[in-house]
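Throughout, numbering of the chain's residues begins at 1 and tracks the sequence. Bear in mind the structure is a predicted one, so any value in this text is a computation, not a measurement.
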Amino acid sequence: DGVTEVLAHHSENLQDKFIEIPCSEDYNSHKRFEGCTPRKCGRGVTDAVITREEAERIRRIAERGLSLGGSDGGASILDLHSGALSLGKHFVNLYRYFGDKIQDIFTEEDFALYRDARQRIQQRIAQAFGISSASMYLTKPTFFSRINNTEAKTTHDEYWHPHVDKVTYGSFDYTSLLYLSDYTEDFGGGRFVFMDAGSNKTIEPRAGRVSFFTSGSENLHRVEKVHWGTRYAITISFTCNPDHGIGDPVL
C-alpha cells in the first residue's frame with residue numbers, strides 16, 4: 001500500500017486546501033479547449049462550499065431515490081439526469097419505471113438545491129484552476145452513490161479498483177465528489193485514496209466536504225472497501241467539450 005498521508009481528516013474543518021501536481025499527457029489525445037482544458041493540474045479539498053445541513057438535505061434526496069431500488073451488491077447508483085437507478089443486478093430508468101409517482105418522491109426544492117450545489121462546486125473548481133466556470137459543462141455520468149459492505153454481485157459493485165476518470169470516461173476534465181456522510185461515524189473504510197508513486201494521499205469523507213481534481217492519470221485513485229455502515233456521496237463531473245455537456249436534471 002505504500003506510505004499513507006492523510007490530506008484531509010474527517011475531524012478537520014478545511015477552508016481550502018489545494019495541491020498542484022504536473023499534468024499527465026492524457027489531455028493531448030483529446031481536442032483541447034483554450035481557457036478550460038487543464039494546463040494546471042492538481043487536487044483540492046474544501047469544507048467551505050456546502051454546509052453540513054445542506055449535505056444532509058441532499059443525502060435525503062439520495063435516500064428517497066435509492067429506497068425505490070438498490071443493488072443486490074454493495075454499491076448502488078442513482079443518476080437524476082439519465083434516470084439510471086440500481087435495481088437488483090441491473091439498472092432501470094427511474095422516470096420510466098415509476099412514471100408520475102416520481103412527483104411523490106422528489107420536490108422542485110430538491111432539484112433546486114441539487115442545481116445550486118452543482119453551481120457552487122463548479123465555481124470553486126474554476127477558481128482553483130484559474131479557468132472560467134462558463135467554459136465548463138456538466139457531463140455524464142453524474143450520480144449519487146450509496147456503498148455498504150454487502151458482497152459484490154456484479155462488476156458494477158466493484159467500486160474499489162484503481163482507475164483514471166479521463167481513461168474511463170473520455171469526456172471528464174474535472175471531477176468532484178460531494179460527501180454526504182461521515183467517516184468513522186456513519187461508516188468505516190471507504191476513504192478516498194489518490195495513488196501516487198510510492199505513497200497514497202487519503203481523504204476522509206465528512207458531510208458537506210467537497211474534493212475535486214483534474215481527471216487525468218495524474219490523479220489515479222480508488223475508494224477503500226466500506227467495512228461497516230453506509231457511505232453516501234455524489235460524483236459531479238465537468239468537461240471542456242460543449243458536445244459532451246448535459247443539462248441540470250428537472251422534475
Parallel, tilted or perpendicular: ring planes of F212 versus F129, cut at 30 and 60 degrees: perpendicular

Verdict with reasoning, L177 to F213, per side-chain contact (heavy atoms from CB on, under 4.5 Å): CA-CA 9 Å; L177 292 144; F213 48 94; 4.0 Å; yes

Exceeds 12 heavy-atom contacts within 6.0 angstrom, atom CZ of F98: yes

Flag side-chain contact, heavy atom, 4.5 Å: L78 against L94: yes

D16/R124 salt bridge by N-O under 4.0 Å criterion: yes

Atom of A117, atom of I58 and distance for their closest heavy-atom approach: CB-CD1, 4.0 Å

Side-chain donor-acceptor pair present, T175, S215, cut-off under 3.5 Å: yes

Aromatic ring proximity H10/Y179, centre distance under 6.0 Å: no

Under 3.5 Å side-chain donor-acceptor pair for S217 and D26: yes

Validation row, ring centre F143 to ring centre H81 under 6.0 Å: no

Nearest-0.5 Å distance that lies between atom OG in S171 and atom CZ in F238: 12.0 Å

Atom NE2 of H156 with >12 non-hydrogen neighbours under 6.0 angstrom: no

Between E63 and S67: side-chain donor-acceptor atoms closer than 3.5 Å: no

Same apolar cluster (I L V M F W Y, side chains within < 4.5 Å links), Y27/Y174: no

T214 and N219: side chain donor to acceptor below 3.5 Å: yes

Face-on cation placement of R64 at F106 ring, 6.0 Å and 45° thresholds: no

Straight-line distance of H9 NE2 to T184 OG1, nearest 0.5 Å: 12.0 Å

Heavy-atom pair of closest approach, residues Y137 and G245: CB-CA, 3.9 Å

Exam field: side chain K17 to backbone Q15, donor-acceptor pair closer than 3.5 Å: no

Test item: side-chain donor near acceptor, T155 and E158, under 3.5 Å: no

Over 12 foreign heavy atoms within 6.0 Å of NZ, K40: yes

Euclidean distance, R222 CZ relative to F194 CZ, rounded to 0.5 Å: 13.0 Å

Single-linkage hydrophobic cluster F33~L138, side-chain heavy atoms < 4.5 angstrom: no

Side-chain H-bond candidate by donor/acceptor type, T168 with D165, under 3.5 Å: no

side-chain contact (heavy atoms from CB on, under 4.5 Å) between R52 and R206, intermediate numbers included: CA-CA 9 Å; R52 288 183 71 84; R206 83 181 235 142; 4.0 Å; yes

Residues D110 and R115 bridged, charged N to O under 4.0 Å: no

Residues K166, E25; criterion salt bridge (Lys or Arg N to Asp or Glu O under 4.0 Å); working and verdict: CA-CA 11 Å; K166 187 83 187 151; E25 293 177 5; over 6 Å; no

L87 side, atom CG; S71 side, atom OG - distance, nearest 0.5 Å: 9.5 Å

Contact summary for S237 and P141, nearest pair of heavy atoms: OG-O, 4.3 Å

Side-chain donor/acceptor of D116 to backbone N/O of A112, under 3.5 Å: no

Side-chain heavy-atom pair L80, F144 within 4.5 angstrom cut-off: yes

Under 3.5 Å side-chain donor-acceptor pair for Y159 and E224: no

Closest non-hydrogen atom pair, I203 against P205: O-CD, 3.4 Å

N241 and T239: side chain donor to acceptor below 3.5 Å: no

Donor-acceptor contact present, side-chain D72 to main-chain K153, <3.5 Å: no

Shared hydrophobic cluster for L66 and L180 (ILVMFWY, side-chain gaps under 4.5 Å): yes

Identified salt bridge (charged side-chain N to carboxylate O under 4.0 Å, His left out) partner of E54 from the options R118, R120, R59: R120

Closest contact, heavy atoms only, E218 versus R43: O-NH2, 3.3 Å

Between SG on residue C36 and CE on residue M136, distance to nearest 0.5 Å: 6.5 Å

Same apolar cluster (I L V M F W Y, side chains within < 4.5 Å links), M195/I19: no

Between F111 and Y114, ring centroids under 6.0 Å: no

Derivation of the side-chain contact (heavy atoms from CB on, under 4.5 Å) call for I105 and L68: CA-CA 9 Å; I105 294 148; L68 300 172; 3.5 Å; yes

Within-4.5 Å side-chain heavy-atom neighbours: R209 and V45: yes

Distance (rounded to the nearest 0.5 Å) between F91 CZ and S82 OG: 9.5 Å

F187 versus S181, closest heavy-atom pair with distance: CE2-OG, 3.6 Å

More than 12 heavy atoms from other groups under 6.0 Å of CG on D104: yes

Backbone of Y183 reached by a side-chain donor or acceptor of R231 within 3.5 Å: no

Exam field: side chain Y95 to backbone D100, donor-acceptor pair closer than 3.5 Å: no

Hydrophobic cluster membership, I246 vs L178, 4.5 Å side-chain cutoff: yes

More than 12 heavy atoms from other groups under 6.0 Å of NE2 on H227: yes

Ring geometry between H221 and F192 (parallel below 30°, tilted from 30 to 60°, perpendicular above 60°): parallel

Donor-acceptor under 3.5 Å (H163 side chain, H161 main chain): yes

Donor-acceptor pair between K201 and S199 side chains, under 3.5 angstrom: yes

Under 3.5 Å: donor-acceptor pair, side chain of S135, backbone of S132: yes

Between T4 and T202: side-chain donor-acceptor atoms closer than 3.5 Å: no

Side-chain donor/acceptor of S176 to backbone N/O of I236, under 3.5 Å: yes

Test item: S145 side-chain N/O and I77 main-chain N/O as donor-acceptor pair under 3.5 Å: no

Stepwise side-chain contact (heavy atoms from CB on, under 4.5 Å) test for E204 and V6: CA-CA 8 Å; E204 299 177 349; V6 179; 4.0 Å; yes

